A.B. asks: 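Right, I'll just put the structure down here and ask away after.
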Amino acid sequence: MKDQIRVRFAPSPTGFLHIGGARTALFNWLFAKHHDGVFILRIEDTDRSRSTDDYMKSIIEDMQWLGLHWDEGPYRQTDRFEIYKEFAKKLLKEEKAYYCYCSAEELETKRQAAISSGLPVKYDGKCRELDIIPEDKPAAIRFKMPQEGQTIVNDLIKGKVIFDNTQLEDLVIVRSDGTPTYNFVVVVDDIEMRISHIIRGDDHLNNTPKQIHIYKAFNSHIPEFAHLPMILGHDKSRLSKRHGATSVHAYREMGYLPEALVNYLVRLGWSYGDKEIFSKEEMIKLFSLENIGKSAAVFNPDKLLWLNSQYIMNTDSEKLAELILPFLIKDNIITNKEEVNKKWLAKAIDLLKERSKTLQEMANSLKYFISDLIEIDPKAKDKFLTSESIKFLAEIKELLLKLDDFSSKNIEKIFINIAQQNNLKLGSLAQPMRVAITGSTASPGIFELMETIGKEKVIKRLSKVIAIK
RNA sequence: GGUCCCAUCGUCUAGAGGCCUAGGACAUAGCCCUCUCAAGGCUAAGACACGGGUUCGAAUCCCGUUGGGACUACCA
């Protein structure tokens, strides 16, 4: 029987869940699901000065929002310091690691000297074979890297990558304050958690040979590696805040659906022929590491926006009605969830979902369905609310008042009749009406819109416009 | 600087030596549909970074150049 697939996503809680991190999480999740494996969430918070509980909570929340549910964890590295201590002790005992008494200043001076003379920047191994141990000096623990030979990484995405061991330096595994460092704890945790495949960003490719030697020092089985290409900003530099919104959280707030974001992310670096839209089930079924490209991808917000509009169009209006509520409340269109009838809201959303690219945009349009405070765009008013058109609006209003069945069909009949009687195009009646009841020149079809907004509100808004003149 | 990775339309990508006159998607432009805005349909424009090999034949294999990126911490 094949060994079970066990993968992990290991974010550090020093910020919101990043787009790049979300994709790494997604690929791990897909790989686990595809192989009936286990997906583990591990919080890498060994940098205590930069990690916060709030960020940890937000990352967990965003993972759940994306639907990337983990089977184990979340583990926190700060809960596991005793384990790391044991592992470090073992290394010390076997002389695979040693105490280093060099001070930060000393190290920094040497580094600067190396840089200015164009030499490779690397720890010189001063404390490796120390005869006299300095007293009362804080000591870090360094790992003894081999200084000859090569280390080969057979990466599942990048292929065979060869590193010269002369490039490797004796890295610090435990700081002088006793806390362990990244390259050490990842390995310990991946050993302890029996991780079979490490799928992570290719910014870690250079760390891999170092980590392989730590595995070897523990005589541990070395997992498979798969290094994902990076996600870049429009200028091809590493995606960061200055490229605009880069956190999952931000997209959530802007009214993106998690399914759309996940779909966008899966196509960044991965593809399946010409297919663009994937349900979660399809992704799981179709996903494989072999179809991941090697080159970095530029993040394209336009395509994400398009996908979001596609997902909005194809989501049930009842479900959208549920999702839109927080936006309506946030924008003071309603004050609580009970204020608006869900059935009616879904009907309004039926008209809006083909023309809204985000939930936020939809909420903006919903304003003229719900609120009685219609702000009329001055330009639209000048163009369409002329004394001539208002005369017709008044005429239509009278006919509408007599309508018992305020249906789009009946409303349309009224418009067509008046247009014919006056030899007008439908547009010359529809546009003024649109401006009168929505305040703008763009909206869903006017008849359906009027039906949905309802007789009472329509008459009220019409009267107001007619009264201005 | 050193080490490593990468290179097809503006962007995401298809392409595993002949199916390539290089396909799809987003964005862009035009047309159709139409009460506006969308949606939808049709069409257009748009790429194998460059130079050498290998081969009867190369976007695909090899080498070099150039360009981009990552790492180079007692950050992760």
Side-chain angles (χ1 to χ4, degrees), chain A residues 10-14 44-47 49-51 77 100 102-104 107-108 111 114-123 138-142 153 155 157-159 161-164 166-169 171-177 179-183 185-186 201-209 227 229-230 232 234 236-238 264 267-277 293-307 309-310 313 352-357 365 380 384 412 415 419 425-431 433-435 438 440-447:
Chain A
S12 52
T14 54
E44 307 220 323
D45 56 351
T46 54
D47 182 353
S49 60
R50 293 200 303 148
S51 302
Q77 291 184 324
C100 172
C102 298
S103 68
L107 259 18
E108 187 54 31
R111 184 175 308 118
I115 291 169
S116 56
S117 59
L119 261 37
V121 185
K122 188 180 156 185
Y123 177 63
I141 301 174
R142 283 187 189 268
V153 180
D155 193 271
I157 293 171
K158 304 283 183 182
V161 185
I162 301 168
F163 296 87
D164 260 323
T166 49
Q167 294 298 321
L168 271 25
E169 73 170 349
L171 53 88
V172 170
I173 57 173
V174 178
R175 300 182 185 94
S176 45
D177 68 359
T179 59
T181 62
Y182 167 77
N183 275 302
V185 295
V186 242
D202 71 11
D203 47 341
H204 288 291
L205 187 52
N206 286 304
N207 284 327
T208 309
H227 285 95
M230 298 271 88
L232 274 23
H234 54 81
K236 303 223 177 191
S237 71
R238 196 189 180 124
Y264 177 71
R267 283 286 288 98
L268 229 45
W270 178 83
S271 62
Y272 189 80
D274 286 341
K275 198 168 162 62
E276 292 288 349
I277 296 188
K294 291 180 172 190
S295 48
V298 173
F299 183 76
N300 181 345
D302 277 336
K303 188 157 181 180
L304 170 56
L305 191 61
W306 171 77
L307 267 168
S309 71
Q310 292 293 313
M313 262 186 265
L352 250 20
K353 67 182 188 181
E354 262 186 9
R355 38 204 122 216
S356 305
K357 291 187 190 297
S365 301
F384 293 107
E412 185 171 4
F415 274 69
K425 277 198 264 185
L426 206 49
S428 48
L429 295 177
Q431 276 307 76
M433 180 61 82
R434 177 167 282 114
V435 174
T438 73
S440 86
T441 54
S443 85
I446 192 71
F447 314 123

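In the text below, chain A, chain B and the rest are named by the order of the sequence lines, each starting its count at 1. The model shown is predicted, which means the values in this text are computed figures rather than measured ones.
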A.B. asks: Residues two or more places apart in sequence or in another chain: which of them pass side chain to side chain donor-acceptor pair (under 3.5 Å) with A:Thr14?
C.D. replies: none

A.B. asks: What nitrogen or oxygen pairs link the protein and nucleotides 15-22 of chain B at under 3.5 Å?
C.D. replies:
none

A.B. asks: Applying side chain to side chain donor-acceptor pair (under 3.5 Å), name anything that partners A:Glu108, two or more places apart in sequence or on another chain.
C.D. replies: A:Arg111, A:Gln112

A.B. asks: What residues, two or more places apart in sequence or in another chain, satisfy salt bridge (Lys or Arg N to Asp or Glu O under 4.0 Å) together with A:Arg142?
C.D. replies: none

A.B. asks: Could I get the full list of ring-ring contact (aromatic ring centres under 6.0 Å, His included) partners for A:Tyr182, not counting sequence neighbours?
C.D. replies: A:His204

A.B. asks: Sequence neighbours excluded, which residues qualify as salt bridge (Lys or Arg N to Asp or Glu O under 4.0 Å) partners of A:Asp164?
C.D. replies: none

A.B. asks: What residues form a ring-ring contact (aromatic ring centres under 6.0 Å, His included) with A:Phe447, not counting sequence neighbours?
C.D. replies: A:Phe415

A.B. asks: Reckon A:Thr181 has a side-chain N or O less than 4.0 Å from the OP1 or OP2 of B:A76?
C.D. replies: no

A.B. asks: Set out, line by line, the N/O atom pairs under 3.5 Å between protein and nucleotides 44-51 of chain B.
C.D. replies:
none

A.B. asks: When rounded to the nearest Å, what value does the distance between P atoms of B:G41 and B:A27 take?
C.D. replies: 12 Å

A.B. asks: Not counting sequence neighbours, which residues clear salt bridge (Lys or Arg N to Asp or Glu O under 4.0 Å) with A:Lys158? List them please.
C.D. replies: A:Asp202

A.B. asks: Pairs under 3.5 angstrom, nitrogen or oxygen only, protein versus nucleotides 40-43 of chain B, please.
C.D. replies:
residue: B:G40; atom: OP1; partner: A:Gln310; partner atom: NE2; Å: 3.3

A.B. asks: Could you tell me the Watson-Crick or G-U partner of B:C9, where both distances fall under 3.5 Å? Say none if there is no partner.
C.D. replies: none

A.B. asks: Could you check whether A:Glu276 gets within reach of a base, just the sugar-phosphate, or nothing at all, counting any heavy atom under 4.0 Å?
C.D. replies: base

A.B. asks: Would you say A:Lys357 reaches B:A39's phosphate, i.e. side-chain N/O to OP1/OP2 under 4.0 Å?
C.D. replies: yes

A.B. asks: Check nucleotides 71-73 of chain B against the protein and report each pair of N or O atoms closer than 3.5 Å, with its distance, or say if there are none.
C.D. replies:
residue: B:C71; atom: OP1; partner: A:Arg238; partner atom: NH1; Å: 2.8
residue: B:A73; atom: OP2; partner: A:Arg111; partner atom: NE; Å: 3.3

A.B. asks: Could you tell me the Watson-Crick or G-U partner of B:C42, where both distances fall under 3.5 Å? Say none if there is no partner.
C.D. replies: B:G30

A.B. asks: For A:Phe163, what residues pass the ring-ring contact (aromatic ring centres under 6.0 Å, His included) criterion, not counting sequence neighbours?
C.D. replies: none

